[in-house]
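Single-structure report; data block below.
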Amino acid sequence: MANVRKNNAIALVDCNNFYASCERVVNPELYKRPVVVLSHNDGIIISRSNEVKALGVPMTAPLFQYRDLLERHNTAIISANHGLYYEFSHRVIDVLNDDIGANKLELYSIDEAFIDAGVPDKLPFLGRHIKNTIFEKTKIPVSVGIATTKTLAKLANKIAKKSAKADGVLDLYNSPHIDLALKKTAVGNIWGIGPRSAVKLNAVGIKTAYELKLSEPDRIRMHLNQFGSRTVLELNGIPCLSMEISERTNKSIAHTRTFGHPMTELDELREAVYYFTTRVLEKMRWNNLATKTVEVFANTDRFKPVPYYYKGKHTYHSVYHSDVTSEIYAWVTICLEKIYRPGMKYRKAGVVLTDLVSPDDVPYRLFDQRKFERQHHLGKLIDEVNYRYGRDVVRSASLKEKGGWQGKSEHRGNDSYHAIGRDVLGLGKTYSKSVRFL
DNA sequence: TCTGGGGTCCTAGGACCC
DNA sequence: TCTGGGGTCCTAGGACCC
């Protein structure tokens with residue numbers, strides 16, 4: 001009995017209203033007003049201050065549906081500035097590493113990290129310490145949830161954020177209140193149980209997280225999938241999702257955009273897709289990767305399926321890996337010609353790279369190996385120049401400077417921080433783990 | 001007029017081989 | 001003219017997350 005080994009506690013540190021909070025730190029006037037941050041194209045709302053949440057504005061709501069309400073409440077409406085958020089993300093992680101001394105840390109997203117909290121006897125103090133220290137050093141408010149598994153830590157964090165009593169910190173590690181918390185939680189609010197799964201579970205009488213906890217894992221696997229059955233175990237305090245401490249390289253890298261206006265002509269579409277290709281290759285080479293498979297897609301407007309919603313997509317599999325712009329332009333061109341249909345009004349397109357490996361691990365080519373190496377090094381040089389002197393100072397002749405496909409971002413403020421954007425290619429050298437932007 | 005972008009993992013079903 | 005079954009790989013699509 002005395003030898004029962006306890007699992008380590010997992011703490012989830014999650015920044016509150018992260019993008020909106022960052023905007024407030026750099027512009028304290030915004031503390032006096034509600035704040036929303038908009039996606040690319042100013043299309044939808046991707047971050048809300050507490051006041052906006054209280055107005056009932058949901059996450060990822062289209063701006064136009066709530067614009068009047070927001071303006072009536074004098075809301076600051078701001079276009080996203082990913083460079084800024086990236087910078088703040090760094091600051092928060094640095095505090096966790098340097099000031100908190102988190103030895104095992106998994107960067108889960110731009111505003112969240114799991115930390116292995118060991119088996120301490122003073123967990124509530126740890127949670128409070130983390131929250132206070134991060135706020136003191138960065139002015140970013142965070143919530144901390146602590147539990148035996150990631151799924152429970154996620155839940156603890158969610159409750160910590162909402163509950164006035166918890167005040168941003170909740171320890172469910174060995175807490176007698178776990179079941180009570182689970183009984184009060186709708187099953188769809190569990191991490192990994194989305195709306196579709198919630199409907200399925202409700203249909204078989206499972207409405208709360210507690211009812212899911214009591215379910216037979218195999219039965220849940222039948223209704224959902226194996227991730228569902230793991231969730232059951234996690235709710236029972238049995239860890240199935242381990243901490244991913246080590247560096248992870250991306251399995252895919254993409255650049256996709258909705259156009260400012262619909263496009264019909266192949267030339268126009270090609271221009272946009274080449275531009276996207278340039279951006280995605282920039283990201284790829286920044287991460288020191290090469291690709292073998294490119295996918296290009298172009299869709300019409302899904303909200304106006306006239307005459308019908310067309311989703312064109314083609315994947316090109318090359319024999320060789322490459323990071324050479326001219327080669328990959330050729331692959332992209334093949335894809336584009338396969339998917340293009342005259343007369344369609346394209347609203348969105350993108351380029352996705354998969355089969356990514358380090359250029360050092362690329363097998364030798366039977367032919368043209370030396371040419372490839374020359375081009376590979378030339379590409380590196382061009383990236384270097386563009387990094388130093390500005391994006392696309394050196395660019396392919398087929399790449400236009402500016403196209404009608406570009407959307408709008410009218411709610412920009414604080415332009416000095418937008419300069420950071422160039423350093424932020426989505427994934428970074430110093431940022432060891434993949435970071436997904438919202 | 002207006003409805004994002006970047007990821008991951010899982011599964012069912014088809015192609016193909018023996 | 002009859003007509004198997006098992007294994008593997010690949011792909012498209014679904015679901016989820018931030």
Side-chain angles (χ1 to χ4, degrees), chain A residues 12 14-19 36-48 58-68 70 77 79-80 82 85-86 89 107-114 150-151 154 157-158 188-201 221-231 241 244 248-262 276 279-280 283-284 287 293 295 297 299 301-305 309 311 313-315 317 347-356 407-411 424-427 433-438:
Chain A
L12 174 65
D14 190 327
C15 301
N16 301 345
N17 317 330
F18 184 54
Y19 294 177
V36 294
V37 176
L38 307 178
S39 68
H40 179 85
N41 256 7
D42 293 346
I44 63 176
I45 295 160
I46 56 173
S47 183
R48 306 155 294 157
M59 185 65 166
T60 66
L63 173 64
F64 74 90
Q65 288 174 358
Y66 290 92
R67 178 163 232 149
D68 289 348
L70 292 171
I77 298 173
S79 300
H82 294 289
Y85 315 141
Y86 188 78
S89 180
L107 200 54
Y108 177 67
S109 75
I110 191 162
D111 71 338
E112 269 176 76
F114 288 105
K150 283 182 166 181
T151 305
K154 270 282 198 183
N157 192 294
K158 204 171 230 187
N189 284 332
I190 292 293
W191 185 45
I193 308 292
R196 302 292 177 131
S197 301
V199 167
K200 283 186 196 166
L201 292 173
R221 184 197 306 259
M222 273 171 45
H223 290 301
L224 307 178
N225 54 27
Q226 61 137 330
F227 190 88
S229 63
R230 269 191 305 213
T231 300
L241 305 165
E244 291 178 38
R248 190 176 39 177
T249 56
N250 279 63
K251 299 200 165 130
S252 68
I253 296 178
H255 190 91
T256 71
R257 285 289 178 275
T258 300
F259 302 133
H261 65 81
F276 299 164
R279 294 284 82 84
V280 78
K283 275 191 237 176
M284 185 187 79
N287 284 275
T293 305
E295 174 194 320
F297 70 85
N299 303 340
D301 194 335
R302 68 193 161 109
F303 296 101
K304 290 188 204 97
Y309 179 33
K311 291 163 78 172
K313 188 185 108 172
H314 186 79
T315 308
H317 298 275
R347 191 69 215 293
K348 178 177 178 170
V351 180
V352 186
L353 310 177
T354 48
D355 279 332
L356 300 167
K408 56 180 191 310
S409 282
E410 292 173 346
H411 300 277
V424 181
L425 303 169
L427 314 144
K433 304 260 304 193
S434 73
V435 168
R436 302 184 276 274
F437 288 123
L438 202 62

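So you know, we letter chains A, B, ... as the sequences are listed, proteins then strands, and number each from 1. Hydrogens, waters and symmetry mates are skipped; everything else that's a heavy atom, side chains included, is used.
- Across all strands, A:K200 comes closer than 4.0 Å to no nucleic acid atom at all (heavy-atom distances).
- Here B:dG6 presents its C1' atom at 17 Å from CE of A:M284, a figure rounded to the nearest Å.
- Look at CG on A:L70: it is 14 Å from C1' on B:dC2, rounded to the nearest Å.
- Note: CZ (A:F114) to C1' (C:dC17) measures 11 Å, nearest angstrom.
- Going from atom CZ of A:R279 over to atom C1' of B:dG6 covers 16 Å, rounded to whole Å.
- Across all strands, A:Q65 comes closer than 4.0 Å to no nucleic acid atom at all (heavy-atom distances).
- Side-chain atoms of A:W191 lie closest to C:dC17 of the nucleotides C:dC17, B:dT3, B:dG5.
- Side-chain contact between A:D14 and A:Y108 is absent, with no heavy atoms from C-beta onward closer than 4.5 Å.
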What protein N or O atoms touch nucleotides 10-12 of chain C N or O atoms at under 3.5 angstrom, if any, and at what distances?
from, atom 1, to, atom 2, distance (Å)
C:dT11, OP1, A:H317, NE2, 3.0

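- Under the stacking criterion of a centre-to-centre distance below 5.5 angstrom and an interplanar angle below 30°, A:F303 sits stacked against the six-membered ring of B:dT3.
- Taking atom NZ of A:K348 as the reference point, atom C1' of B:dT3 lies 11 Å away to the nearest angstrom.
- Among the protein residues, A:K154 comes within range of the sugar-phosphate backbone only, with heavy atoms under 4.0 Å from sugar or phosphate atoms but none that close to a base.
- The 5' end of DNA chain B is approached more closely, in terms of each residue's nearest nucleotide, by A:K304 than by the other of A:Q226 and A:K304.
- Which of B:dG4, C:dC16, B:dT3 sits closest to the side chain of A:I46 comes down to B:dG4.
- Side-chain atoms of A:N157 come within 3.5 Å of backbone N or O of A:L12 as a donor-acceptor pair.
- Taking the six-membered ring for Trp and thresholds of 30 and 60 degrees, A:Y85 and A:Y19 have nearly parallel ring planes, at less than 30 degrees apart.
- A:N41 comes within contact range of no nucleotide atom at all, as no heavy-atom separation falls under 4.0 Å.
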Item to complete: Determine which bases of DNA chain C form Watson-Crick or G-U wobble pairs with both distances under 3.5 Å, and write the result as a 5' to 3' dot-bracket string with | for other-strand partners.
Response: ....||||||||||||||

Practice prompt. For the pair A:L70 and A:L63, evaluate side chain to side chain contact (heavy atoms under 4.5 Å, CB included) and give the outcome as yes or no after the intermediate values.
Written response: CA-CA 9 Å; A:L70 292 171; A:L63 173 64; 4.1 Å; yes

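- A sub-4.0 Å separation between OP1 or OP2 of B:dG5 and a side-chain N or O of A:T258 is present.
- Atom CZ in A:R302 sits about 16 Å away from atom C1' in C:dG13, given to the nearest Å.
- Ranking B:dT8, C:dC16, B:dC2 by closeness to the A:S197 side chain, first place goes to C:dC16.
- Between the side chain of A:K283 and the main chain of A:A254, a donor-acceptor pair closer than 3.5 Å is present.
- No donor-acceptor pair under 3.5 Å is formed between the side chain of A:K150 and the backbone N or O of A:F114.
- Note on A:I193: only backbone sugar-phosphate atoms sit closer than 4.0 angstrom, heavy atoms only; bases stay farther off.
- Contact annotation for A:D111: backbone-only contact, meaning every heavy-atom pair under 4.0 Å involves sugar-phosphate atoms and none involves a base.
- Here A:R221 lies out of heavy-atom contact (under 4.0 Å) with every strand.
- Interatomic distance, CG of A:N225 versus OG of A:S197, reported as 7.0 Å (0.5 Å rounding).
- Taking for each of A:K251 and A:I44 the nucleotide of DNA chain B with the nearest heavy atom, the 5'-most of the two is the partner of A:I44.
- For A:R257 and B:dG6, the shortest distance from a side-chain N or O to OP1 or OP2 is below 4.0 Å.
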Worksheet item: Between A:L201 and A:L224, is a side chain to side chain contact (heavy atoms under 4.5 Å, CB included) present by the stated rule, with each step listed?
Response: CA-CA 8 Å; A:L201 292 173; A:L224 307 178; 4.0 Å; yes

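- Straight-line distance from the CZ atom of A:R230 to the P atom of C:dC17: 14 Å, rounded to whole Å.
- The main-chain N or O of A:T354 is never found under 3.5 Å from a side-chain atom of A:T293 such that the two would form a donor-acceptor pair.
- The phosphate of B:dG6 (OP1 or OP2) has no side-chain N or O of A:S252 nearer than 4.0 angstrom.
- Picking from B:dG4, C:dC16, B:dG7 the nucleotide with the shortest atom distance to the side chain of A:K283 gives B:dG7.
- No donor-acceptor pair under 3.5 Å is formed between the side chain of A:S47 and the backbone N or O of A:V37.
- Nucleotides B:dG4 and C:dC17 have their C1' atoms positioned 15 Å apart, rounded to a whole Å.
- Rounded to a whole Å, the CG atom of A:N299 is 11 Å from the P atom of C:dG13.
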Practice prompt. Evaluate side chain to side chain contact (heavy atoms under 4.5 Å, CB included) for A:I45 paired with A:L38, printing each intermediate quantity in order.
Written response: CA-CA 5 Å; A:I45 295 160; A:L38 307 178; 3.9 Å; yes

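- Residue A:L241 is classed as having no contact, given no heavy-atom separation below 4.0 Å to the nucleic acid.
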Discussion item. For a side chain to side chain contact (heavy atoms under 4.5 Å, CB included) check, start with the C-alpha distance between A:H82 and A:H40, then their side-chain angles and the critical distance, and finish with the verdict.
Written reply: CA-CA 10 Å; A:H82 294 289; A:H40 179 85; over 6 Å; no

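- You'll find that the side chain of A:H255 is closest to B:dG6, out of B:dT3, B:dG6, B:dT8.
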